Participant: 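If you scroll down you'll find the structure; I have some questions about it.
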Number of protein chains: 2
Amino acid sequence: MTRSGQPEEGIRVAVSTAILTLRRDGAQAPRIALPLVRRTRDPHAGAWALPGGWLDTREGLATAAARTLAETTGLAPSYLEQLYAFGAVDRSPSRVVSVVYWALLREEDALGAAAQENVHWFDATDLPELAFDHARIIEYALWRLRNKVGYSRVAQGFLPPEFTLADLREAYETILGRKLDPANFRRQVDATRTLIPTNAFRTGNHRPARLYRDATDVELADRGPLSPEETRTS
Amino acid sequence: MTRSGQPEEGIRVAVSTAILTLRRDGAQAPRIALPLVRRTRDPHAGAWALPGGWLDTREGLATAAARTLAETTGLAPSYLEQLYAFGAVDRSPSRVVSVVYWALLREEDALGAAAQENVHWFDATDLPELAFDHARIIEYALWRLRNKVGYSRVAQGFLPPEFTLADLREAYETILGRKLDPANFRRQVDATRTLIPTNAFRTGNHRPARLYRDATDVELADRGPLSPEETRTS
DNA sequence: TCAAAAGTGTTGCTGTTACACCCATGT
DNA sequence: ACATGGGTGTAACAGCAACACTTTTGA
């Protein structure tokens with residue numbers, strides 16, 4: 001095959017997504033959870049896998065990620081970013097190129113979605129046996145999230161439109177796996193000038209906490225010269 | 001099409017690479033240059049494009065990137081990393097998914113390669129009219145390089161195995177587009193403990209400069225849980 | 001009034017920047 | 001000897017971590 005020639009045959013392109021959200025059991029600290037689907041066919045029938053599907057010839061990659069996500073789990077993420085394209089020949093018996101996305105989901109949206117057959121939520125630190133190399137892919141997605149939280153506002157993808165600094169700090173703590181100093185955390189986030197204080201407070205057991213919302217019209221993460229991909233299905 | 005169903009048809013997968021190297025005209029400061037190939041067919045016949053080719057069904061993505069690179073330009077990069085997978089429907093009349101890599105090439109290797117027909121080198125800041133969205137892709141590759149140079153040793157991908165700190169600093173300065181303080185630069189790089197001083201010096205016009213080599217068996221850039229892809233063609 | 005979270009102040013540490021200065025070589 | 005890049009020293013500054021402290025509420 002030469003450079004300018006056409007390939008003899010096409011290759012099947014799969015799109016799948018690691019959807020991360022926060023989940024809390026009772027009053028404990030939240031944990032990162034993600035939905036997996038049980039495979040019904042070989043290869044790896046019976047094993048759990050990232051939700052996804054085949055790329056249709058009439059749609060873009062990000063659109064396909066959002067579509068297959070909705071079809072398999074009924075979920076609509078608040079943040080979606082391409083993770084990596086995998087294409088080793090030994091990943092599957094028949095040749096497949098797999099473009100993987102990672103997504104963040106608001107806690108409330110995860111609860112609101114109807115439970116679906118063959119879809120289960122797993123704690124990211126306690127995963128079942130996974131199909132293909134999906135275990136490593138999830139590791140990579142979590143690594144990317146931990147990294148990105150350090151220099152962007154992605155953590156807000158876990159939160160509702162209005163939230164307290166304690167909410168935000170809790171999300172950071174869950175992602176990073178360590179406690180953060182509330183005083184320093186406050187100063188650091190408002191040094192970024194990306195949070196807009198509202199006049200509302202969350203009243204609870206103690207001193208009320210001011211609610212913030214994120215600056216609108218600003219992407220949660222800087223993707224450089226690449227504009228965020230279109231994810232509308234229309 | 002349902003999740004578990006097979007796609008009706010395969011999709012052609014293209015692999016192309018933005019190959020960056022340093023190039024100097026006379027005694028001036030070096031600039032980033034990259035090779036482009038002139039397209040001989042539609043779409044965009046006559047326009048310049050990133051070197052690449054079609055993914056063969058029997059090879060991995062990174063292998064295909066290295067192979068098509070060698071076939072179209074005769075070059076073998078010192079560093080190769082996946083950049084992004086593009087798949088918007090309107091990129092090409094017929095549906096194509098394009099997996100783009102970016103690579104670094106040692107200055108010497110660029111000069112050593114025989115000049116090939118339809119391959120020309122361009123200054124990264126002075127590009128011709130490019131096919132598809134390749135102009136934006138090159139912007140993205142340069143952005144990634146600028147970013148990565150801040151927290152990794154990728155810049156050494158431009159340099160021969162042994163180099164002086166001035167060589168390395170010059171590479172950084174070219175990538176970042178600004179002068180760096182030699183004194184501070186020295187301290188910063190040896191704080192990373194990744195450079196091994198040799199007993200050799202480069203003797204020239206002034207005080208001889210010690211030659212360094214990079215710590216072997218260490219990847220130039222941290223890619224997280226993803227092990228570097230195999231690029232051997234065998 | 002007390003516990004606990006919200007929020008402010010302050011101090012010491014660490015890494016960076018700027019730049020003065022000495023060293024070693026070719027011309 | 002002197003110009004020039006190699007290489008060291010150091011003081012000022014900025015950002016961050018640690019933690020003492022004040023404020024405001026519910027119980």
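Quick caveat, the model's predicted, so the values are computed rather than measured. Numbers restart at 1 for each chain; the letters A, B, ... are given by sequence-line order, proteins then strands.
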Participant: When you get a sec, tell me which of C:dT27, C:dG9, C:dG7 is the closest nucleotide to the side chain of A:Ala183?
Facilitator: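 The answer is C:dG9.
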Participant: Rounded to whole angstroms, how far apart are CG on B:Asp181 and P on C:dC21?
Facilitator: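 Going from CG in B:Asp181 over to P in C:dC21 covers 15 Å.
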Participant: Whole angstrom is fine here: how far is it from CZ in A:Arg186 over to P in C:dA6?
Facilitator: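 Result: 8 Å.
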Participant: Quick one: does A:Gln82's side chain have a donor or acceptor within less than 3.5 Å of a partner on B:Tyr84's backbone?
Facilitator: no
Participant: Write down the distance between CZ (A:Arg202) and P (C:dA4), rounded to a whole number of angstrom.
Facilitator: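 After rounding, the reported distance stands at 20 Å.
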Participant: So that I can tick it off, tell me whether A:Arg202 and A:Glu162 are bridged by a salt bridge, with the cut-off set at under 4.0 angstrom between side-chain N and carboxylate O.
Facilitator: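 No, this pair does not count.
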Participant: B:Leu180 CG to C:dT17 P: how many Å, rounded?
Facilitator: 9 Å
Participant: If you find the nucleotide of DNA chain C closest to A:Pro208 and the one closest to A:Arg187, which residue's nucleotide is nearer the 5' end?
Facilitator: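 Mapping each residue to its closest nucleotide by heavy atoms, the 5'-most match is A:Pro208.
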Participant: If I take atom NZ in residue B:Lys179 and atom C1' in nucleotide C:dA18, what distance separates them, rounded to the nearest angstrom?
Facilitator: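 The distance from NZ of B:Lys179 to C1' of C:dA18 comes to 17 Å, rounded to the nearest Å.
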Participant: Any heavy-atom pair between the side chains of B:Thr72 and B:Val119 that's under 4.5 Å?
Facilitator: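 Counting from C-beta outward, B:Val119 and B:Thr72 never come under 4.5 Å.
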Participant: When you match A:Asn184 and A:His206 each to their closest nucleotide on DNA chain D, which lands nearer the 5' end?
Facilitator: A:Asn184
Participant: In Å and rounded to the nearest 0.5 Å, what is the CZ to CZ distance from A:Arg23 to A:Arg31?
Facilitator: 13.0 Å
Participant: Out of curiosity, A:Asp214 CG to A:Thr192 OG1, how far, rounded to the nearest 0.5 Å?
Facilitator: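 Rounded to the nearest 0.5 Å, the CG-OG1 separation comes to 10.5 Å.
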Participant: For a quick test of reading the model: is some side-chain N or O of B:Thr203 closer than 4.0 Å to OP1 or OP2 of C:dG26?
Facilitator: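 Checking C:dG26 against B:Thr203, a side-chain N or O does come within under 4.0 Å of OP1 or OP2.
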Participant: Quick check against the 3.5 Å criterion: does B:Thr68 have a side-chain atom that pairs as donor or acceptor with the backbone of B:Ala65?
Facilitator: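 Yes, because the side chain of B:Thr68 sits within donor-acceptor range (under 3.5 Å) of the backbone of B:Ala65.
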Participant: In terms of ring plane angle, is the pair A:Phe132 and A:His134 parallel, tilted or perpendicular, where the classes change at 30° and 60°?
Facilitator: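 Aromatic pair A:Phe132/A:His134 classed tilted.
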Participant: Just call it for A:Ala191: base, sugar-phosphate, or nothing, with non-hydrogen atoms closer than 4.0 Å on any strand.
Facilitator: nothing
Participant: When we call it a touch if two heavy atoms are under 4.0 Å apart, what does A:Arg169 touch: a base, just sugar-phosphate, or nothing?
Facilitator: sugar-phosphate
Participant: Would you grab the first and last nucleotide of DNA chain D (5' to 3') that comes under 4.0 Å of any non-hydrogen atom in chain B?
Facilitator: D:dT4 to D:dT10
Participant: Take the protein atom CD of A:Gln188 and the nucleotide atom P of C:dT8, then report the distance between them rounded to whole Å.
Facilitator: 15 Å
Participant: Measure from CZ on B:Phe185 to C1' on C:dC19 and round the result to the nearest Å.
Facilitator: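 Answer to the nearest Å: 19 Å.
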Participant: Do the side chain of B:Arg207 and the base of C:dA24 come within less than 3.5 angstrom through a donor-acceptor pair of N or O atoms?
Facilitator: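 Flag unset: no donor-acceptor pair detected.
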Participant: When you match B:Ala209 and A:Gly204 each to their closest nucleotide on DNA chain D, which lands nearer the 5' end?
Facilitator: B:Ala209
Participant: Rounding to an integer number of Å, can you tell me how far A:Leu211 CG sits from C:dA6 P?
Facilitator: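 After rounding, the reported distance stands at 11 Å.
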